[in-house]
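Computed over heavy atoms, backbone and side chain alike; hydrogens, waters and symmetry mates excluded.
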Amino acid sequence: MWKLESARVVAGLTRMVHDVGLAEELAQDALVAALEQWPVQGVPDNPGAWLMAIAKRRAVDHIRRSRTLERKQEQLAHETHETHETHEAAETAEAAEAPERDDVLRLMFMSCHPVLPTEARVALTLRLVGGLTAQEIARAFLVNETVIARRIADAKRTLADNGVRFELPDGAELAARLSDVLGVIYLIFNEGYSATSGDDLMRPGLCLEARRLGGLLAELAPDEAEVHGLVALMEIQASREAARTGPSGEPVQLHEQNRGRWDPLLIRRGFTAMLRARDAGGPPGPYVLQAAIAVCHAQARRAEDTDWDQIAALYDALVRLLPTPVVRLNRAVAVGMARGPRAGLDLLDSLTADPALRDYHLLPGVRGDLLHRLGRYEEARREFQRAASLTRNAAERAFLERRAEEIETPEADGPTLGQAAEAFLARDDLDAQTIRSYGQTLRRLRLGLGDRTLLASLTADQVTKVFQTAWGDAAAKTWNRHRSAVRSFAAWADLDDLAAGLERRAEVRAKPAVLEPAYLDALWSRTDIPLRERTLWRLLQESAAPVRTVLSLNVEDLDLEDRRARTAKGAWVTWRSGTARLLPELLAGRTRGPVFLADRRPAPARMPAEADLCPETGRGRLSYERAEYLFKQATKSLDPTGDGHTLRSLRSRL
C-alpha cells in the first residue's frame, strides 16, 4: 500500500511545505503511524486517504511551529480541519483527486530535473515516486546502500540549493522536461531488462517498477503520444522476458526465442498503448518509433517472418530524430538483416571511433556476428572475445565466450597482446607508479584491440585508432604520457614503432585563474561548506603551499601556537588567522594521524598505508582527487563558466 500511495502523499506534502526532503520525512511519519495503528484498529476503507490525512496533519503541525509561515497557518489549518476521521479523509481525497494527480506529476518532473546527474535522478525517482527503500534500490543496482542514500540526500540538497520549484513546466520546456522523465523511466526499465552487471541477465523487479511508473505517467499525461509510446515499448519488450533466457539463465537471441512463450497479454497492452499514441496525434517521436519497431517484431509469428525492411526504415527515421551512438548501432543491426551483413558492417565500422561506444560490449558483439555471417571467422572470434572482456554481466560474458569458443580457428602462433602486456608489467625494474601508469595505457589497448590479438599482428594504425578514441580530446600531458608508454612497450617487445602515427603534443602549462578578493569573500561567507573543506581551502590560500604538501600534513607536525607545520621534507608551511580559527575545531582533540581525513573508513580491500590512517578514528587521509572534486563542485555556482576552479587557484594570489 505504501508503494502505491507514497508518491501521492509526498507530492501533496511537497506542495504544502515546498521542500521535498521535509515532505518525505512527514510522509514517513504517516507510515509509522499506520504501522502502529492498523494492526490494532484494522486497515481503513481508504488507506491512501488515511495516510494523506495523517501526513497533512503532521505538515500543519510543522507549519505552525515555523515562524516564517505563520501567516499561512489559518488557511492551511482550514484546508485540513476535518481530517481526523477516516471517512472524512476519504471524502477529502476524492474531492482533491485532480490536484493531487497533478502533484504526483509535479513530483516526477522534480525528481527527474536536469540539474541532477542521471544516477541521482534514477535513485530519487525510485525513492519518491516508486516508493522503494534505499536498500531495495541498492539491491536492484548492485551497489552499497550507503551509496544510494548519499545520492538521494545529495539530490534533495541540489534541488534545494538550485531553488527548483514544485511546478509543472509549460510550453517548449514541458516537452524538453518530459523527455527527461521518459528517459529516466526507460533507463530503469533497461537496467532491469538487460542488467549491466551481476550474475543474472535480467532484474524483473526493475522492469515491473518502470512499467508501473510509465502507466502512472500515462494516466497523469494522457494527451502525450510519447508517454504512450514508451508504455507500448516497455510492455512489448517485457512480453519476451520468459523467452530471453535458457534453462541455465543463459541469454537466448531474439531470432532463436520460442515466440510461443511471449506473453500475449503484454503484447495486447502494448498494441493498445500504441493506439492511444496514435490518437494523441502529432508526428511520431523517438519512443513511438521504437515502439513501432517492437510492434514489427511482435507481429511476426516466426523470426523468418520479420519485416526487416520496415524495421530498417523505422530506424532510418529514428536516427534522424535521435542520432545517438546506440541508436546508430541498432540501425546497423537492422540494415545488416535487411540488406546483408556487408551493408551492416559498413555502418558499424563508422562507429568504432566513437568514444561513447569504446567500452560498450554490444559494439564488438554485433561486429562479431556480422563478421561471422561474412565468413571472417578469425576476426569474429576476436570480436566475441573482446565483447566478453567488456561486459560486466556474468550471463552475457559466458554467452559471448561460448560463441567465441564455437568458432574453430587455427591455434595462435606466438604471444598475444594480453600475454605480452602481463609480462611487460611484471618486470622487476618498474616501480609501482610506473606500473600503474603503463597499466592504464595497456589496459586501454587490450580493451580496444582484444587480449587474443597476436602481438606480431599489431600495427601503428590500430594503435592510432585506439588513441584517437580514448584520448583524442585529452590534455597534451595525458596524450604524451600514454604515447611514451606505447613506445616503451613496443621497444621491449621488439616491435616496429607502434606510436608512429602519434605525434607528440606541445605541452603548455596554463596558469590557474586568479581568484579575486570578492570571489574569496563570497566563498568564505558560505555556511553550507563543511568544516574540513573550509579549513583546507583557507590553509591553501594563506600558505601558498602545494596542494599535495598540505594534504600530507599530520597532526603531530603542527605547531598551532606559532601557526606553522613541518613537512616531510623538512620545510615549513605557515598560515594566518583564518586558518588558525578553524584548525583546533577540525582536529577536535586528535593528537596523531593525517590532518585532513576522508569521509569514511576505508574498505578492507583498499586499506592505505599505516602513515595515512588516523589511529583514533580509523579513517584514511583525504585524497587529492576527492579534495579537487569537492572544490570544483563548490565553486561551480561562483564560476561564470560553470566549470568550477581547481585548488591550485587558491594559491594564485601569493
Side-chain angles (χ1 to χ4, degrees), residues 430-437 475 477-478 480-481 507-517 519-521 523-524 529-599 602 607-632 634-635 644-654:
L430 300 180
D431 58 37
Q433 185 174 353
T434 303
I435 291 174
R436 183 166 56 251
S437 178
K477 184 177 181 180
T478 301
N480 292 337
R481 175 170 64 85
E507 297 183 22
V508 179
R509 186 167 183 174
K511 293 183 178 180
V514 175
L515 300 185
E516 298 297 332
Y519 188 108
L520 291 173
D521 290 342
L523 190 63
W524 305 145
I529 304 297
L531 174 63
R532 181 188 63 185
E533 278 68 64
R534 283 187 284 133
T535 308
L536 173 62
W537 301 347
R538 276 280 192 176
L539 180 51
L540 287 171
Q541 193 266 333
E542 292 182 354
S543 69
V547 178
R548 295 186 187 276
T549 298
V550 170
L551 289 173
S552 69
L553 294 177
N554 294 316
V555 178
E556 54 267 35
D557 299 329
L558 303 181
D559 184 342
L560 296 180
E561 186 174 345
D562 288 343
R563 299 182 182 179
R564 64 179 186 169
R566 184 181 292 276
T567 69
K569 295 182 179 180
W572 289 98
V573 172
T574 61
W575 55 85
R576 300 196 298 273
S577 59
T579 305
R581 287 193 300 269
L582 297 171
L583 265 177
E585 185 181 355
L586 176 70
L587 300 179
R590 290 190 290 119
T591 58
R592 292 182 301 157
V595 173
F596 299 100
L597 298 176
D599 298 304
M607 191 63 65
E610 186 176 350
D612 293 324
L613 273 175
C614 173
E616 299 171 24
T617 66
R619 288 187 287 163
R621 190 183 303 276
L622 177 65
S623 69
Y624 174 85
E625 292 76 15
R626 179 64 178 169
E628 193 73 85
Y629 169 79
L630 292 172
F631 189 65
K632 273 185 169 291
T635 55
H645 293 284
T646 65
L647 287 169
R648 289 181 61 241
S649 63
L650 288 169
R651 305 173 54 212
S652 59
R653 296 198 62 81
L654 297 175

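The two atoms that bring L613 and G618 nearest to each other are CD2-O, 3.6 Å, heavy atoms only. Shortest non-hydrogen contact noted between P615 and G593 is CD-CA, 4.0 Å. Taking all atoms of both residues into account, the shortest heavy-atom contact from A611 to P594 is O-CG, 4.3 Å.
The side-chain tip of R564 does not point at the ring of W575 from less than 6.0 angstrom away and within 45° of straight on.
Atoms CZ and CD1, from R538 and I529 in turn, are 12.5 Å apart once rounded to the nearest 0.5 Å.
Atom CD of E610 sits in a sparse spot, with 12 or fewer heavy atoms from other residues, nucleotides or ligands closer than 6.0 Å.
Looking at L582 and R534, their side chains come closer than 4.5 Å, going by heavy atoms from C-beta outward. For the pair W572 and D557, the minimum side-chain heavy-atom distance is 4.5 Å or more. Counting heavy atoms from C-beta on, the side chains of W537 and L647 come closer than 4.5 Å. In this structure, R576 and Q541 have side chains that are in contact, with non-hydrogen atoms separated by less than 4.5 Å. Side-chain contact between F596 and L539 is present, with at least one heavy-atom pair separated by less than 4.5 Å.
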Open item on the list: I'd like to know whether R481 forms a side-chain contact (heavy atoms from CB on, under 4.5 Å) with T478, so could you lay out the CA-CA distance, the side-chain angles of the two residues, the decisive distance to 0.1 Å, and finally the verdict.
Closed with: CA-CA 5 Å; R481 175 170 64 85; T478 301; 4.3 Å; yes
Open item on the list: Working note: C614 + R590, criterion side-chain contact (heavy atoms from CB on, under 4.5 Å); need CA distance, chi angles, decisive distance, verdict.
Closed with: CA-CA 9 Å; C614 173; R590 290 190 290 119; 3.8 Å; yes
TODO: Go through the steps for V595 and L583 under the test side-chain contact (heavy atoms from CB on, under 4.5 Å), then give the verdict.
DONE: CA-CA 9 Å; V595 173; L583 265 177; 4.1 Å; yes
Open item on the list: For a side-chain contact (heavy atoms from CB on, under 4.5 Å) check, start with the C-alpha distance between D562 and T574, then their side-chain angles and the critical distance, and finish with the verdict.
Closed with: CA-CA 8 Å; D562 288 343; T574 61; over 6 Å; no
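A donor-acceptor contact shorter than 3.5 Å links the side chain of E542 to the backbone of T579. Put simply, the side chain of R619 never gets that close to the backbone of L597: no donor and acceptor are under 3.5 Å apart. Using a distance-only test at 3.5 Å, with no hydrogens or angles considered, no donor-acceptor pair links the side chain of T434 to the main chain of L430. Counting only distance, with no hydrogens or angles, the side chain of R566 and the backbone of V573 share no donor-acceptor pair below 3.5 Å. Looking at E533, its side chain never comes within 3.5 Å of a backbone N or O of L630 through a donor-acceptor pair. Judged by distance alone, the side chain of D431 and the main-chain N or O of Q433 form a donor-acceptor pair under 3.5 Å. Between the side chain of E585 and the backbone N or O of L531, no donor-acceptor pair lies under 3.5 Å.
Scanning for side chain to side chain contact (heavy atoms under 4.5 Å, CB included) contacts around S577 gives R563, R581, with sequence neighbours left out. R532 meets the salt bridge (Lys or Arg N to Asp or Glu O under 4.0 Å) test with D599; sequence neighbours excluded.
Side chains of E628 and Y624: a donor-acceptor N/O pair is present below 3.5 angstrom, by distance only.
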Show me the donor-acceptor pairs, under 3.5 Å and distance only, between side chains in residues 545-555 and residues at least two apart or in other chains.
| residue | atom | partner | partner atom | Å |
| --- | --- | --- | --- | --- |
| S552 | OG | R548 | O | 3.4 |
| S552 | OG | T549 | O | 2.7 |
| N554 | OD1 | R621 | NH1 | 3.4 |
| N554 | OD1 | R621 | NH2 | 2.8 |

